[in-house]
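Quick caveat, the model's predicted, so the values are computed rather than measured. In what follows, every chain begins at residue 1, and chains take the letters A, B, ... in the order their sequences are listed.
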Number of protein chains: 2
Amino acid sequence: MDWNQEQCKGQIMAVHDAMDVLSGKWKISIIAVLCFKHKRRFSDILADVKGISNKMLSKELKELEINKLISRTVEDTQPITVNYELTEYGQTLQTVIGQLADWGSAHRKYIMGK
Amino acid sequence: MDWNQEQCKGQIMAVHDAMDVLSGKWKISIIAVLCFKHKRRFSDILADVKGISNKMLSKELKELEINKLISRTVEDTQPITVNYELTEYGQTLQTVIGQLADWGSAHRKYIMGK
DNA sequence: AGTCCATGTTACTTATAAGTTACCGGGTTA
DNA sequence: TAACCCGGTAACTTATAAGTAACATGGACT
């Protein structure tokens with residue numbers, strides 16, 4: 001496919017928009033956990049995502065929420081629990097993440113293997 | 001789609017592998033230029049990618065070359081010119097970059113628009 | 001009253017990415 | 001011979017991301 005210069009700039013911006021949402025050391029792992037376990041509390045995710053600190057988790061969850069990929073709901077239990085889950089919109093990421101995973105997996109083989 | 005825990009870890013690693021290759025402020029722009037103009041010299045790319053410094057360009061080109069996404073060929077002209085172009089393998093990125101662009105573009109509209 | 005858990009926040013430090021400025025070698029042009 | 005172009009490299013600075021440790025709040029439990 002060929003684009004003109006303006007379309008090209010738009011594509012670059014769009015790719016960066018997508019990458020910004022997924023960038024950083026932890027977001028993919030958090031999304032994956034929520035993808036896999038569907039509904040998790042703060043402390044659950046803290047345990048699921050090996051190595052993350054509560055500070056980083058808090059920060060990343062906020063960013064994901066701002067981007068409407070996950071929802072945060074406070075359950076009125078004792079003590080209160082806070083549940084996070086992928087929104088319906090967040091699920092639209094599955095295709096693109098799947099593609100990234102496929103390419104990344106093939107790339108690892110290509111670079112390591114030959 | 002549901003994965004078990006091991007498959008899940010593999011997916012996360014694969015996504016990170018893919019993102020690492022594309023990460024940073026400049027790589028997508030460089031790839032886009034090479035996608036659009038097919039064959040470019042160092043100084044051409046320096047001019048095409050607005051704002052990049054020769055140091056960063058040099059560094060990013062090296063990384064892309066290590067990942068076999070672009071090729072570097074020294075032409076025996078006077079003065080010598082160095083051409084960079086996407087490898088055939090590098091072109092396999094087009095699908096995944098296209099997907100990222102589509103999602104990123106939709107995301108921008110979703111977040112800004114409503 | 002003191003301690004624990006859950007869900008964070010604050011202040012501070014460290015590591016990584018990016019930017020700036022200057023310079024190099026080899027050939028070219030004025 | 002002096003200044004210039006090309007394709008970089010090197011040393012240093014600045015900005016951004018991530019990590020660490022301690023503390024906060026509010027209810028429950030001992």
[X]: which residues meet the side-chain contact (heavy atoms from CB on, under 4.5 Å) condition with it, sequence neighbours left out?
{"X": "B:Asp17", "value": "A:Arg108, B:Met13"}
{"X": "B:Ser43", "value": "B:Arg41"}
{"X": "B:Thr87", "value": "B:Ser71, B:Tyr89"}
{"X": "B:Lys9", "value": "B:Glu6"}

Helix axis bend for the helix from C:dA1-D:dT30 to C:dA30-D:dT1 - C1'-based end axes, five pairs, 10° rounding: 30°

Output the rounded distance in Å from [atom1] ([X]) to [atom2] ([N]).
{"X": "B:Tyr84", "N": "D:dC6", "atom1": "OH", "atom2": "P", "value": "14 Å"}
{"X": "B:Glu60", "N": "D:dG8", "atom1": "CD", "atom2": "C1'", "value": "15 Å"}
{"X": "B:Glu65", "N": "D:dG8", "atom1": "CD", "atom2": "C1'", "value": "13 Å"}

Contacting residues from residues 45-58 of chain A, given that a heavy atom lies under 4.0 angstrom of DNA chain D: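 The answer is A:Ser53, A:Lys55, A:Met56.
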
Neighbours of DNA chain D within residues 15-32 of chain A, by heavy-atom distance under 4.0 Å: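 Going residue by residue through residues 15-32 of chain A, the ones with a heavy atom under 4.0 Å of DNA chain D turn out to be A:Gly24, A:Lys25, A:Trp26.
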
From CA spacing to verdict: side chain to side chain contact (heavy atoms under 4.5 Å, CB included), A:Ile70, A:Glu85: CA-CA 5 Å; A:Ile70 63 172; A:Glu85 56 189 317; over 6 Å; no

Partner residues of B:Thr81 under the side chain to side chain donor-acceptor pair (under 3.5 Å) criterion, sequence neighbours left out: B:Thr77

Evaluate the side-chain proximity of [Y] to [X]: yes if any heavy-atom separation is below 4.5 Å, no if none is.
{"X": "A:Tyr84", "Y": "A:Arg40", "value": "no"}
{"X": "A:Ile30", "Y": "A:Ile52", "value": "yes"}
{"X": "B:Ile111", "Y": "A:Ile66", "value": "no"}
{"X": "A:Gln99", "Y": "B:Thr95", "value": "yes"}
{"X": "A:Leu69", "Y": "A:Leu34", "value": "no"}

Single hit among B:Lys39, B:Glu75, B:His38 for side chain to side chain donor-acceptor pair (under 3.5 Å) with B:Asn83: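 Single side chain to side chain donor-acceptor pair (under 3.5 Å) partner of B:Asn83 among B:Lys39, B:Glu75, B:His38: B:Glu75.
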
Residue pair B:Leu93, B:Leu22: steps toward the side chain to side chain contact (heavy atoms under 4.5 Å, CB included) verdict: CA-CA 10 Å; B:Leu93 273 174; B:Leu22 302 177; 4.0 Å; yes

N/O donor to acceptor pairs below 3.5 angstrom from side-chain atoms of residues 53-64 of chain A, sequence neighbours left out:
| from | atom 1 | to | atom 2 | distance (Å) |
| --- | --- | --- | --- | --- |
| A:Ser53 | OG | A:Met56 | N | 3.2 |
| A:Glu60 | OE1 | A:Lys27 | NZ | 3.4 |
| A:Glu63 | OE1 | A:Lys27 | NZ | 3.0 |

5′-ward residue of the pair B:Lys59/A:Arg72 relative to DNA chain C: A:Arg72

A:His16: partners by ring-ring contact (aromatic ring centres under 6.0 Å, His included), with sequence neighbours left out: none

DNA chain C: 5'-most and 3'-most nucleotides touching chain A, 4.0 angstrom heavy-atom criterion: C:dA6 to C:dA11

Measure all distances between protein nitrogen or oxygen atoms and nitrogen or oxygen atoms of nucleotides 25-30 of chain D, and list the pairs falling under 3.5 Å.
| from | atom 1 | to | atom 2 | distance (Å) |
| --- | --- | --- | --- | --- |
| D:dG27 | O3' | A:Gln78 | OE1 | 3.3 |

